[in-house]
Amino acid sequence: MTKFRVLITRQLPEVAMHAIREFAECDVWSEDRPMPSSVLSEKIAEAEGLLCLLTDRVDAALLSRAPRLRVVSTMAVGFDHVDLAACSELGIPVGNTPGVLTETSADLAFALLMTAARRVVEGAEYVKNGLWQTWSPTLLLGQDIFGATLGIVGFGRIGQAMARRAQGFGMRVLVCHSRSLPDDVLQTHQVERVSLETVVGESDFLSLHVPLTPATHHLINRDALSKMKRTAVLINTARGPVVDTEALCQALLEGKIAGAALDVTDPEPLPATHPLLSLRNCVIVPHVASASIATRHRMALMAVENLHAGLRRRCLPHCVNPDVYQ
Ligand code: DGY
């Protein structure tokens with residue numbers, strides 16, 4: 001039986017590669033960096049399926065070079081790197097990997113909150129640099145998490161998982177969400193729903209969990225940062241451009257907010273000379289919120305399921321442009 005031809009833009013966990021080889025001939029980009037767009041647009045010409053990552057831009061220009069493409073499957077929950085309208089226009093379904101990374105991503109968001117609050121990175125560097133001489137009543141004082149107010153912007157799956165973690169720390173949780181939310185979701189998570197202005201102004205820790213859309217681009221801008229408490233910490237595990245990087249840099253430098261803990265940045269990655277990297281009060285990790293072994297395996301397998309369904313012209317189990325089936 002002839003196998004489908006698929007383009008895979010990075011080496012995936014072996015369990016997923018094995019599953020794909022059962023039904024497809026794979027062209028896999030073996031380097032551990034994004035496939036250059038010129039290579040992608042050349043290789044896409046033959047592909048019936050594309051399994052891509054959030055580092056690949058799938059836009060109308062690329063799709064115009066993909067006459068045989070039946071499906072785009074991204075190994076991510078976020079799909080801001082894919083032009084959905086262009087895919088729908090061409091009848092190409094797009095799959096993502098929701099749900100399986102929720103708890104892992106919330107773990108990292110909460111870890112960043114704790115790291116920033118208790119100055120864990122500074123403490124570790126202090127010890128490594130041989131500066132630890134004695135116990136001191138004033139050394140590396142941080143902020144309490146217990147009893148503090150956590151603000152969650154975007155109360156979807158990951159935002160809700162963050163709230164569950166906050167409950168265990170006795171936090172007051174304020175949430176802001178752009179769409180309707182059933183009352184029982186608020187009750188179950190013991191959270192108060194407030195406006196963006198209130199969540200920004202009253203939170204000790206402000207954690208972002210919105211997708212990147214035109215409406216959320218630079219949602220946290222100079223104005224929002226100026227309304228935060230001077231003692232507040234911003235946590236971003238959503239997408240870099242949800243925060244205006246220049247405004248954040250300035251707010252951190254001028255002490256308008258106490259700190260930031262970022263899993264995502266804009267640009268991503270940050271150049272080595274970027275001013276954010278020299279700030280003591282800014283902790284940055286390299287977009288690893290979903291990076292547990294088990295979760296990455298689940299994401300890869302889910303991406304394979306979407307790919308397989310699309311190649312066979314069946315409905316994708318997790319389709320983000322269902323209008324394509326109308
Ligand atoms: C996603 O899936 O969108 C995350 O940002 C990476 O796991």
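Whatever order the structure lists them in is the order used to number ligands and atoms, beginning at 1.
Applying the 4.0 Å criterion to heavy atoms of G78 picks out, from ligand 1, the atoms 1 (C), 2 (O), 3 (O). Counting atoms of ligand 1 from 1 in the listed order, those under 4.0 Å from a heavy atom of H287 are 4 (C), 5 (O), 6 (C). The M299 neighbourhood of ligand 1 comprises atoms 2 (O), 7 (O), with distances under 4.0 Å to a heavy atom of that residue.
Only side-chain heavy atoms of L101 come within less than 4.0 Å of ligand 1; its backbone N, CA, C and O stay farther off. The side chain of L54, and not its backbone, has at least one atom closer than 4.0 Å to an atom of ligand 1 (non-hydrogen atoms only; side chain from C-beta on).
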Cut-off 3.5 Å, no hydrogens considered: what does the side-chain donor-acceptor table look like for residues 140-151, sequence neighbours left out?
{"unit_1": "Q143", "atom_1": "NE2", "unit_2": "T231", "atom_2": "O", "d": "2.8"}

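Counting all heavy atoms, side chain and backbone alike, V304 lies closest to A19 at CG1-CB, 4.1 Å.
Residues R5 and D27 are not paired through a salt bridge, judged by the lack of any N-O separation under 4.0 Å between the basic side chain and the carboxylate.
For D56 and T9, the side-chain atoms include at least one donor-acceptor pair closer than 3.5 Å. A donor-acceptor contact closer than 3.5 angstrom is absent between the side chains of H189 and Q167.
Scanning the protein heavy atoms around atom 1 (C) of ligand 1, the nearest turns out to be V77 N, 3.4 Å. In this structure, atom 7 (O) of ligand 1 lies nearest to the protein heavy atom S290 OG, 2.6 Å.
Looking at L276 and I284, their side chains come closer than 4.5 Å, going by heavy atoms from C-beta outward.
Residue R239 holds the heavy atom nearest to atom 5 (O) of ligand 1 of all those in R239, M75, H81.
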